[in-house]
Amino acid sequence: MADYAGDFGSFEDLAMPHFVRLYNFACWLTHDSVAAEDLVQETYMKALRGFSSFQQGTNFRAWMYRILRNTFLTSQTGLKAAATTDLDDERSPEPADELTPESILLARMEMETIQQALEALPVHFREIILLCDLEEMSYQEIGQALGIPAGTVMSRLSRARKAMRTLLIARMEGARQ
Amino acid sequence: MICNEWREQFDAYVDDASAERGPDEFASLEEHLRSCPSCAAEALNRVQLKRATRAAAARYVPSPTFRLRIEKSIKPKRKLLWTAAWIPGLAGAIAAVLLVTVSALIWTRHVAHEEAVAQLLDMHIATLASPNPVDVVSTDRHTVKPWFQGKLPFTFNLPEFEYSPYKLLGGKLVYVHHSPAAQLLFELRKHDLSVFITQENQGAAFSGMGQSDMREKGFTVESWNQDGLRYVIVSDAGPTEVRALGDLLKSAARQ
């Protein structure tokens, strides 16, 4: 969904359509409904205060997600999550060839397993998968939301998916035993 | 190109990044997928995992209460601010109210004034029709003026008419708007003139009118305020003659 604020509406008109998605995203980041509400509330307040300086023609949705993410990263929960994250970690293990997580998951359709894998991912992997797969943002939008170049988006997304595949395989193998 | 190298493009392929990379970006990859069942299966798995992730990730729904709270917090405040935009409208409203109020006041006074003039006119005609037009009959101002002592809550001066064309015939006590007033009767050739003198604050119908003269049913009416007293002359004489009598009375009042 392209969301360029070329035609300036009121803040409420532009921001409220993203409310449910932002809340969902906040829950995935915080793992806590109360903390998620606080995060969304603070995001809307910050966005409202900064709306006058919001540049016409830029992506409003990406702008909102960026505010929420930056607010999260400076929160207690976000600081803890960031401390356990190594953005340059390239050592994500490759998934085993003989057992693909997709085939297992598709066979069993265990949504819960995917949710658990998402929860177990480091926050910087989780958020980029959510923005890409759930929000269906383009790489350019994701770059704006996360404040990183499109090239970094692609490499980080690739590592995030590898990490998720690894987690899924581990869970499936654990379930087999 | 070996399969692992093709698979590095799978992320962009399943994310439908062709818009960013160009429409022909994945032509070679799709050609490979048509010839490699292993890569085709892997690509299909990636697409399905993306769809499954999307379904699984849409997990949390905010409560209606929380939505209301957010909506309330970002709703524009409708403060009753005293802004420049208000001023013209408010000024217009005040002006309209003032206009209506003043118009109503002027109209009320106008009606009251007309009623008072009509009352004095009637009294003047009634006086002329009466066999005893005045209570004190005298051409001497020193007789007429003292006659009102104790009858009126005010006093007034009368000029010397000896060298004027006006002849004082006498006076009587009347009531204008329930307040005592002096009615003096003069004669100018064959014309009769009544001069009514009352307290200004009592003769509310004439208050604020200042000096005025008018024609009422062929009669000339001249009115003015002096030293807290309201003078009204009613006569069938012309305005010039009426005004001349008024000037005499004004001169006397200033003495």
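Because the structure is a prediction, the values reported are computed rather than measured. Residue numbers start from 1 in every chain, and the chains themselves are labelled A, B, ... in the order their sequence lines are given, proteins ahead of strands.
Heavy-atom distances place the side chain of A/Ile129, and not its backbone, under 4.5 Å from chain B. Interface residue B/Arg67: backbone and side-chain heavy atoms are both found under 4.5 Å from chain A. Neither the backbone nor the side chain of A/Gln116 comes within less than 4.5 Å of any heavy atom in chain B.
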**Prompt:** Yes or no on side chain to side chain contact (heavy atoms under 4.5 Å, CB included) for A/Asp133 and B/Arg51, after CA distance, side-chain angles and deciding distance?
**Reply:** CA-CA 7 Å; A/Asp133 292 353; B/Arg51 287 178 183 166; over 6 Å; no
**Asked** Between B/Arg59 and A/Leu118, does a side chain to side chain contact (heavy atoms under 4.5 Å, CB included) hold up when you go through it step by step?
**Response** CA-CA 11 Å; B/Arg59 184 181 189 185; A/Leu118 273 173; over 6 Å; no
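Separation of atoms OG (A/Ser10) and NZ (B/Lys75) is listed at 8.5 Å; rounding is to 0.5 Å. Distance check: B/Lys50 NZ to A/Arg161 CZ gives 5.0 Å after rounding to the nearest 0.5 Å. B/Ile74 contributes atom CD1, which lies 10.0 Å from atom CG of A/Leu14 (distance to the nearest 0.5 angstrom).
Proximity of A/Tyr23 to B/Ile70: side-chain heavy atoms (C-beta onward) are nowhere separated by under 4.5 Å. Two residues are said to be in side-chain contact when any heavy atoms from C-beta on lie closer than 4.5 Å; B/Glu8 and A/Met154 fail this criterion.
Considering every non-hydrogen atom in both B/Ala52 and A/Ile114, the closest pair reads CB-CD1, 3.4 Å.
With respect to chain B, the highest number of heavy-atom pairs below 4.5 Å among A/Leu134, A/Leu48, A/Leu157 belongs to A/Leu134.
Using modelled atom types, one side-chain atom of A/Gln115 and one backbone atom of B/Ala56 make a donor-acceptor pair closer than 3.5 Å. Panel note: side chain B/Asp15, backbone A/Ser138; no donor-acceptor pair is recorded below 3.5 Å.
The aromatic rings of B/Tyr60 and A/Trp28 stand perpendicular to each other, their planes meeting at an angle above 60°, with 30° marking the opposite boundary.
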